Amino acid sequence: MRIRLFPFVGFLAIGFLYIQFGFTQQLTPEEQLGKELFFDKISAPPNMSCATCHDAKMGWTGPVAGVNAHGGVYRGAVPQRFGNRKPPSTAYTTFSPVFSFDVVRGEFVGGSFWDGRATGERLGNPAADQALGPFLNPVEQNMPSVEAVVDHVAESKYADLFEEVWGSGSLQGSAGEVYDLIGLSIASYEASSEVNPFSSVYDVYWVTSIAAGNDPEDVGLGEGEKAVLDPLSILTDQEFDGLIEFGEYCAPCHVSNKFGPGNVPPLFTSFEYDNIGVPKNPENPFYDMDKVFLENGMPINPLGDAFIDFGLGDFLRTRPEWAGMADDNDGKFKIPTLRNVDKRIGRGVPKAYMHNGVFKSLKDVVHFYNTRDVPEEGWPPPEVDTNVNRELFEGVPLGNLELDEEAEDAIVAFLKTLTDGQ
Ligand code: HEC
Ligand code: HEC
């Protein structure tokens with residue numbers, strides 16, 4: 001009898017998942033407007049949209065195999081120009097709170113971008129603040145001014161939709177006001193159920209396990225018998241073994257065991273910052289940007305090969321109230337969500353991982369966490385060698401986890417359960 005009850009509970013739970021996260025939900029007009037803006041080539045020259053570097057089929061990150069296999073960084077609308085970082089996923093990031101210093105934990109939390117600099121202080125929403133950046137960034141969409149972006153939108157096929165959403169005459173407001181509304185619209189699309197469907201195998205496991213009466217902590221850390229935690233056998237044995245390892249060594253940062261804001265399933269990030277000792281990516285094209293110049297005559301990267309990405313530390317240095325804490329945060333980057341980390345256009349199409357795209361496979365990433373501090377492994381030194389995290393998890397130091405090959409493979413298998421639409 002018990003056995004037969006579980007599938008029924010699970011069925012109800014899956015039904016609940018569909019209803020709560022709305023697979024079939026239409027976009028609201030505001031979300032639809034954000035989508036138009038996200039996919040429109042608003043750039044100079046007009047060859048690039050947000051989606052050029054954030055492709056849904058690639059887990060909302062860069063889709064070009066050759067780029068991912070090497071430098072990891074995408075060229076701008078002006079093709080000679082490159083920025084310094086790999087595009088992170090734009091999905092599940094709208095849950096990030098406004099950037100702040102958490103006094104209790106002694107950590108910075110929230111914001112958008114790898115270094116949190118789109119804080120959300122302007123529009124109350126980090127994703128909206130973020131969306132104001134790329135249009136005007138000379139190494140991205142390169143539009144000459146806020147006015148030029150607003151004029152483009154006013155002449156677009158979705159200008160009517162804009163006025164429907166924000167009020168008639170809203171496009172006639174000051175360029176600054178209209179520009180903020182553009183940011184809010186894009187953030188609204190990024191927060192939609194189309195971008196954040198919570199439709200991975202892990203989500204089905206999570207919802208069915210909790211519906212069967214298990215404690216979220218146990219569910220998300222794999223603490224208990226598989227038959228009890230996974231009564232419908234949603235995860236394979238290998239994936240479940242991976243969850244157990246993940247729960248011990250990865251979940252402290254990539255949270256797998258707590259609901260996100262609004263009781264959504266886990267987001268696989270705490271939205272905090274850390275330096276896990278990622279090496280430089282020697283193929284990052286930014287190192288050659290001392291030879292490429294902006295309109296004002298300045299090289300894009302005056303430091304050339306000597307450039308070091310200090311991440312959060314360098315952002316804090318720009319803000320008087322936080323500059324005193326900059327040194328303690330050098331080399332820290334925002335903990336990215338791991339949702340869709342394996343999602344790709346086709347089998348074998350490479351993806352690049354970390355802020356500089358230095359790693360090319362999930363196996364490499366896991367092997368790095370496992371053996372970073374084992375000298376015989378010969379990992380290159382960290383890009384920033386201060387503040388590198390060597391914390392103990394379950395009594396084992398990050399960087400020398402002593403996992404065998406089988407355990408590494410299990411973690412990789414588990415990471416593949418985080419792909420939406422399976
Ligand atoms: C040329 C490629 C490119 C284009 C075009 C681009 N982005 Fe990005 N995006 C990036 C890179 C690189 C980063 C990381 C930059 C950083 O952290 O300094 C990023 C970061 C982000 C983030 C932060 C995610 C997080 O979790 O912190 C969001 C959201 C985002 N982009 C949305 C957009 C939107 C919206 C547009 C269009 C208005 C856009 N991007 C256009 C490359 C691009
Ligand atoms: C102490 C916090 C912490 C722990 C523990 C941790 N990570 Fe991370 N993880 C991070 C940070 C920070 C980054 C980004 C670092 C960077 O880009 O320099 C990251 C990046 C990643 C990425 C790259 C994602 C992307 O989109 O580029 C993957 C994959 C990943 N971690 C998997 C894992 C796995 C698997 C484990 C457990 C073996 C783990 N992490 C443990 C903090 C952590």
Side-chain angles (χ1 to χ4, degrees), residues 34 37-40 42-43 48-54 59-62 72-77 81-94 96 111-118 126-128 130-137 139-142 149 182-183 186-187 189-190 242 245-246 248-254 268-279 309 311-312 315 331-342 351-359 361-362 364-370 382-384 389-391 393 398 401 403 408 411-412 414-415:
L37 290 158
F38 195 91
F39 287 91
D40 193 6
I42 309 176
S43 68
M48 170 171 271
S49 71
C50 308
T52 307
C53 301
H54 300 286
W60 301 95
T61 177
V73 173
Y74 280 71
R75 53 176 80 248
R81 296 180 183 172
F82 289 88
N84 55 353
R85 294 181 183 148
K86 181 207 75 164
S89 167
T90 52
Y92 301 103
T93 63
T94 49
S96 183
S112 190
F113 284 130
W114 284 106
D115 55 11
R117 71 187 185 282
Q130 189 287 329
L132 305 179
F135 294 123
L136 302 179
N137 188 336
V139 301
E140 293 185 331
Q141 282 155 284
N142 189 44
V149 178
I182 289 173
I186 292 175
Y189 173 59
E190 289 172 344
E245 304 291 353
F246 188 94
E248 290 185 358
Y249 305 119
C250 318
C253 298
H254 299 285
F268 290 85
T269 169
S270 60
F271 296 111
E272 291 176 337
Y273 293 79
D274 223 295
N275 182 3
I276 54 165
V278 169
D309 195 339
L312 178 59
F315 165 56
K332 294 193 183 180
F333 291 88
K334 182 141 58 57
I335 300 168
T337 181
L338 300 184
R339 286 181 168 275
N340 293 315
V341 82
D342 189 56
K351 290 189 81 168
Y353 298 111
M354 305 299 172
H355 69 275
N356 56 19
V358 64
F359 296 134
S361 76
L362 292 173
D364 283 354
V365 170
V366 174
H367 193 60
F368 173 74
Y369 281 108
N370 188 19
E383 181 166 3
V384 176
N389 195 328
R390 300 195 164 81
E391 212 174 305
F393 295 106
L398 191 67
L401 300 176
L403 299 173
E408 284 190 359
I411 295 176
V412 171
F414 172 71
L415 292 172

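Whatever order the structure lists them in is the order used to number ligands and atoms, beginning at 1. All values derive from a computational prediction rather than experimental measurement.
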J.: Less than 4.5 Å apart, any side-chain heavy atom of Glu408 and any of His367?
T.: yes

J.: Report the part of Trp114 (side chain from C-beta onward, or backbone N, CA, C, O) that has a heavy atom under 4.0 Å from ligand 2; answer both or neither where that applies.
T.: side chain

J.: When you measure from the side chain of Tyr249 to the backbone N and O of Leu398, does any donor-acceptor pair fall under 3.5 Å?
T.: no

J.: Within the structure, is a non-hydrogen atom of Gly116 found at a distance of less than 4.0 Å from ligand 1?
T.: no

J.: Less than 4.5 Å apart, side chain to side chain, heavy atoms only: is that true for Pro279 and Phe368?
T.: yes

J.: Compare all side-chain heavy atoms of Pro87 with those of Thr61 and state whether any distance is below 4.5 angstrom.
T.: yes

J.: Quick one: are Asp342 and Leu415 in side-chain contact, heavy atoms under 4.5 Å?
T.: no

J.: Numbering the atoms of ligand 1 from 1, which are under 4.0 Å from a heavy atom of Arg75?
T.: 1 (C)

J.: To which protein heavy atom is atom 20 (C) of ligand 2 closest, and what is the distance rounded to 0.1 Å?
T.: Met354 SD, 3.4 Å

J.: Would you check if the side chain of Thr269 reaches a backbone N or O of Thr337 as a donor-acceptor pair within less than 3.5 Å?
T.: no

J.: Which residue holds the protein heavy atom closest to atom 5 (C) of ligand 2, what is that atom called, and what is the gap in Å?
T.: Tyr249 O, 3.3 Å

J.: Could you tell me whether Thr93 and ligand 1 have an N or O pair separated by under 3.5 Å?
T.: no

J.: Tyr353 side chain to Val341 main-chain N or O, any donor-acceptor pair under 3.5 Å?
T.: yes

J.: Around atom 8 (Fe) of ligand 1, how many protein N, O or S atoms are closer than 2.8 Å?
T.: 1

J.: So between Arg339, His355, Glu248, whose heavy atom ends up nearest atom 16 (C) of ligand 2?
T.: His355

J.: Quick one: does Cys253's side chain get under 4.5 Å of Ile335's, heavy atoms only?
T.: yes

J.: Under a 4.0 angstrom heavy-atom cut-off, which atoms of ligand 2 come close to Phe393?
T.: 5 (C)

J.: Between Val73 and Arg85, is any pair of side-chain heavy atoms under 4.5 Å apart?
T.: no

J.: Does Gly331 offer a backbone N or O that forms a donor-acceptor pair with the side chain of Glu383 under 3.5 Å?
T.: no

J.: Under 3.5 Å, side chain of Asn370 to main-chain N/O of Leu403, donor-acceptor pair present?
T.: yes

J.: Under a 4.0 angstrom heavy-atom cut-off, which atoms of ligand 1 come close to Ile186?
T.: 35 (C)

J.: Show the atoms of ligand 1 that are less than 4.0 angstrom away from any heavy atom in Arg117.
T.: 16 (C), 17 (O), 18 (O)

J.: Which of parallel (below 30°), tilted (30 to 60°) and perpendicular (above 60°) describes Phe38 and His54?
T.: tilted

J.: Starting from atom 25 (C) of ligand 1, find the nearest protein heavy-atom neighbour and note its residue, name and distance.
T.: Lys334 NZ, 3.4 Å

J.: Where does the angle between the aromatic ring planes of Trp114 and Phe333 fall among parallel (under 30°), tilted (30 to 60°) and perpendicular (over 60°)?
T.: perpendicular

J.: Contact between Leu338 and Tyr92 at the side-chain level, heavy atoms closer than 4.5 Å - yes or no?
T.: no

J.: Number the atoms of ligand 1 from 1 as they appear, then name those within less than 4.0 Å of a heavy atom of Phe135, with their elements.
T.: 38 (C)

J.: Under 4.0 Å from a heavy atom of Asn389: which atoms of ligand 2 are those, numbered in the order shown and with their elements?
T.: 1 (C)

J.: Do side-chain atoms of Ser96 reach the backbone of Thr93 as a donor and acceptor pair under 3.5 angstrom?
T.: no

J.: Say whether, by atom type as modelled, one donor and one acceptor occur between the side chain of His254 and the main chain of Pro336 under 3.5 angstrom.
T.: yes

J.: Please list the nearest protein heavy atom to atom 12 (C) of ligand 1 with its residue and the distance rounded to 0.1 Å.
T.: Arg85 O, 3.0 Å

J.: Using heavy atoms and a threshold below 4.0 Å, how should the contact between Lys86 and ligand 2 be classified: side chain, backbone, both, or neither?
T.: side chain

J.: Do the non-hydrogen side-chain atoms of Phe135 and Ile182 ever get within less than 4.5 Å of each other?
T.: yes

J.: Give the numbers and elements of all ligand 2 atoms closer than 4.0 Å to a heavy atom of Val278.
T.: 16 (C), 18 (O)

J.: Using a 4.0 Å heavy-atom threshold (strictly under), name the region of Glu190 that reaches ligand 1: side chain, backbone, both or neither.
T.: side chain

J.: Going by the atom numbers of ligand 1, which of them fall below 4.0 Å from some non-hydrogen atom of Ser49?
T.: 5 (C)

J.: Mind telling me whether Phe246 and Phe414 have parallel, tilted or perpendicular rings, with 30° and 60° as the class edges?
T.: tilted

J.: Got a second to check how far Met48's CE is from Ser43's OG, nearest 0.5 Å?
T.: 7.0 Å

J.: Counting only heavy atoms, which portion of Ser96 has something under 4.0 Å from ligand 1: side chain, backbone, both, or neither?
T.: neither

J.: Excluding waters, which protein N, O or S atoms are within less than 2.8 Å of atom 8 (Fe) of ligand 2?
T.: His254 NE2, Tyr369 OH

J.: Give the contacting part of Tyr273 toward ligand 2: side chain, backbone, both or neither, where contact means a heavy-atom distance below 4.0 Å.
T.: neither

J.: Taking only heavy atoms of Ser112, which atoms of ligand 1 are found under 4.0 Å from at least one of them?
T.: 23 (C), 24 (C), 25 (C), 27 (O)

J.: With the threshold set at under 4.0 angstrom, would you say Pro126 reaches ligand 1 through any of its heavy atoms?
T.: no

J.: Indicate yes or no: does an N/O atom of Phe113 lie under 3.5 Å from an N/O atom of ligand 1?
T.: yes

J.: Please determine whether a side-chain nitrogen of the Lys or Arg among Asp274 and Lys334 lies less than 4.0 Å from a carboxylate oxygen of the Asp or Glu.
T.: no

J.: Has the side chain of Lys332 got a donor or acceptor atom that lies under 3.5 Å from a matching backbone atom of Gly311?
T.: no

